[in-house]
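Following: one structure in structure tokens, then a few remarks.
Worth knowing before you read on, the calculation uses all heavy atoms, side chains too, and leaves out hydrogens, waters and symmetry mates.
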Amino acid sequence: PPRSTLFPYTTLFRSYLKRIEARRRKFAAAAAVRPGEIPAPHEPAATEGTHSTDTAGSALFRDAVALFNNGKIGRAKAAFRSLQTIAPSYPELGNYMGLISSAEEKVHQGIAAYFEGEYRVAIEKLGSPSKNWNDNPHVYAFLACSYAAEYLLAGGENGDLKKEARDAFGRVKGIDPRYELDRKLISPGIIALLNGE
């Protein structure tokens, strides 16, 4: 599937920009204290190589990490990209973008392996990201199809493969109840199996 459908971020990006601007104003107001007053606690000043809006960036970073930890990888990527725009040198940003990039690469390799008939490789590649990726139905759809293909190739006798296939497809429906497999790309036998026919 095209990357644009896997990782839409334009609307989220605009929403974070508004939040960042609101936080910037808040911190600017807090910094404008009269002599003798105790200023409100604030985050450390930007060091050399960091962006001047780092205080707003830290809030965005926390939000992005929370999304990442909750398996919302697509939304986390959008948030990290927003952070990259305002604070490209933000600590740990590169590490998280690297983790997301690695997961995306495994997904693309897994889907390619499925279409090449390498179902075991597809299961291995898609199985790792699927453990922590809760907002991308394509990951689970192709994982389900790979298990289903292995099940059918084994003569329909391995109940474990059938269960794995149906469990993975259940995750697809949990993310997007309207998700349908493309009948031009997926064999009728696999579709029938996953739909419980």
same_hphob_cluster(Ile86, Val65) at 4.5 Å side-chain heavy-atom cutoff: yes
Whether Asp135 side chain and Ile73 backbone form a donor-acceptor pair below 3.5 Å: yes
Common cluster, Val121/Leu153, ILVMFWY with side-chain heavy-atom separation under 4.5 Å: no
Nearest heavy-atom neighbours spanning Ala165 and Ala144: O-CB, 3.4 Å
Tyr90/Phe80 aromatic ring centres below 6.0 Å: no
Heavy-atom donor-acceptor pair, Tyr140 side chain to Trp133 backbone, under 3.5 Å: yes
Side-chain (Ser101) to main-chain (Met97) donor-acceptor, under 3.5 angstrom: no
Criterion salt bridge (charged side-chain N to carboxylate O under 4.0 Å, His left out) on Glu104 and Lys77, from CA distance to verdict: CA-CA 11 Å; Glu104 288 175 342; Lys77 181 179 180 180; 2.7 Å; yes
Considering all heavy atoms, the nearest Ala141-Val172 contact: N-CG2, 3.2 Å
Spacing of Glu164 atom CD and Phe169 atom CZ [to the nearest 0.5 Å]: 15.5 Å
Enclosure of Lys163 NZ (heavy-atom neighbours >12, cutoff 6.0 Å): no
Pair Glu105 + Lys125: basic N to acidic O under 4.0 Å: no
Under 3.5 Å donor-acceptor, Asp176 side chain and Arg178 backbone: yes
Spacing of CG belonging to Leu181 relative to OG belonging to Ser187, to within rounding of 0.5 Å: 9.5 Å
Minimum side-chain heavy-atom gap Leu193-Arg166 below 4.5 Å: yes
Gap between atom CZ of Arg75 and atom CG of Asn134 - 0.5 Å precision: 11.5 Å
Note, Leu83 side chain near Leu93 side chain (heavy atom, < 4.5 Å): yes
Glu150 with Lys162: basic N within carboxylate O range, under 4.0 Å: no
In one Ile/Leu/Val/Met/Phe/Trp/Tyr side-chain cluster, 4.5 Å: Ile175, Ile100: yes
Heavy-atom donor-acceptor pair, Thr85 side chain to Arg81 backbone, under 3.5 Å: yes
Where Ala76 and Ala64 come nearest, the two heavy atoms and their spacing: CB-O, 3.7 Å
Ile191 with Leu161, same ILVMFWY side-chain cluster at under 4.5 Å: yes
Minimum side-chain heavy-atom gap Ile190-Leu152 below 4.5 Å: yes
Close side-chain approach of Phe68 to Leu99, heavy-atom, < 4.5 Å: yes
Pairwise distance CG(Leu194) to SG(Cys145) - rounded to 0.5 angstrom: 5.5 Å
Contact check, side chains of Tyr147 and Tyr119, non-hydrogen atoms, under 4.5 Å: no
Side chain to side chain, Leu126 and Val107, heavy atoms closer than 4.5 Å: yes
Note, Leu143 side chain near Tyr114 side chain (heavy atom, < 4.5 Å): no
